[in-house]
J.: 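Mind having a look at this structure? Questions to follow.
Owing to the predicted nature of the structure, the values given are computational and were not obtained by experimental measurement. Counting from 1, the numbers follow the sequence of the chain as shown.
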Amino acid sequence: SILYQEFLFDFVKREGGWKQFLQYSQREGHSVSFLEKLRNRNHTCVVPICCDVHWTILVRKFVADSWTIFYIDSISQGSDARMKKWHDLFKDDDLFSGTGIKTKIIPQRELECGARVCLHGLCYALSSRNAKEIGQQLQRIPDLAVRSRNLVSRICMDGNWSHQGWLTSIIGTPKPAITSRINHH
């Protein structure tokens with residue numbers, strides 16, 4: 001199941017890093033349920049990041065016998081620097097630990113970075129396929145930019161991640177995706 005908290009990246013950034021965010025959350029009693037669920041190997045954590053008007057996404061998932069953190073970015077120029085920035089910000093040997101992997105995705109061709117990373121994030125979070133297989137399957141889908149934007153539009157209208165029939169070959173037919181959405185004030 002998917003574990004998601006709105007504006008997590010912004011809160012971590014505001015506090016000066018992951019460890020400071022944990023201290024703040026424990027002291028103030030915020031995000032307690034979310035943080036407890038991060039330890040559960042059955043939960044996949046999705047972290048949307050908007051920085052300098054560009055969207056990227058982290059997907060933290062238990063793969064085989066360890067945590068993997070996929071970094072998804074639809075623009076290759078500057079991607080290494082953006083990945084290093086999130087890695088330094090979320091540096092932790094405990095709760096948000098894992099091997100960071102910068103995934104190769106189909107580059108955006110239009111102003112679609114948010115839609116593109118949401119699509120790829122959904123696929124990485126829900127699919128049991130490996131990164132290469134996901135990429136190969138996505139390359140076979142026609143009108144990916146339009147479909148990505150429609151996916152995000154539907155998510156915004158419905159208020160949750162909803163199954164799209166055209167993704168069945170990649171993710172199967174998932175159970176309800178979001179089990180915990182915790183707002184932080």
J.: In chain order, what residues pass the side chain to side chain donor-acceptor pair (under 3.5 Å) check against Trp18, with sequence neighbours excluded?
T.: Asp92
J.: List the residues meeting salt bridge (charged side-chain N to carboxylate O under 4.0 Å, His left out) with Arg27, not counting sequence neighbours, and say none if there are none.
T.: none
J.: Which pairs pass side chain to side chain donor-acceptor pair (under 3.5 Å) with one or both residues in residues 115-132, sequence neighbours excluded?
T.: Glu112-Arg116
J.: Under the side chain to side chain donor-acceptor pair (under 3.5 Å) rule, collect the residues that match up with Lys91, sequence neighbours excluded.
T.: none
J.: If a pair satisfies side chain to side chain donor-acceptor pair (under 3.5 Å) and one of its residues is in residues 66-78, list it, with sequence neighbours excluded.
T.: His54-Asp73, Tyr71-Asp73, Asp73-Ser79, Asp73-Arg82, Ser74-Gln108
J.: How would you list all residue pairs meeting salt bridge (charged side-chain N to carboxylate O under 4.0 Å, His left out) that involve residues 56-69, not counting sequence neighbours?
T.: none
J.: Under the salt bridge (charged side-chain N to carboxylate O under 4.0 Å, His left out) test, which residues partner Asp80, sequence neighbours left out?
T.: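 Result, salt bridge (charged side-chain N to carboxylate O under 4.0 Å, His left out) vs Asp80: Lys102.
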J.: What pairs meet the ring-ring contact (aromatic ring centres under 6.0 Å, His included) rule with one or both residues in residues 131-150, with sequence neighbours excluded?
T.: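 Checked against ring-ring contact (aromatic ring centres under 6.0 Å, His included) - neighbours excluded - no pair reaches residues 131-150.
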J.: Residues in salt bridge (charged side-chain N to carboxylate O under 4.0 Å, His left out) with Asp52, at least two apart?
T.: none
J.: Which of these passes side chain to side chain contact (heavy atoms under 4.5 Å, CB included) with Val59: Val117, Thr103, Ile69, Ile72?
T.: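 Among Val117, Thr103, Ile69, Ile72, the one that satisfies the side chain to side chain contact (heavy atoms under 4.5 Å, CB included) with Val59 is Ile72.
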J.: State whether Asp88 and Lys84 are salt-bridged, where the test is any N-O pair (Lys NZ or Arg NE/NH1/NH2 against Asp/Glu carboxylate O) under 4.0 Å.
T.: yes
J.: For Arg39, what residues pass the side chain to side chain contact (heavy atoms under 4.5 Å, CB included) criterion, not counting sequence neighbours?
T.: Asp94, Leu95
J.: With sequence neighbours left out, write down each residue that passes side chain to side chain contact (heavy atoms under 4.5 Å, CB included) with Lys13, or none if nothing qualifies.
T.: Phe9, Cys51, Leu89
J.: Can you sort out the partners of Asn150 under side chain to side chain donor-acceptor pair (under 3.5 Å), two or more places apart, ordered by chain and number?
T.: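 Side chain to side chain donor-acceptor pair (under 3.5 Å) check on Asn150 returns nothing, list empty.
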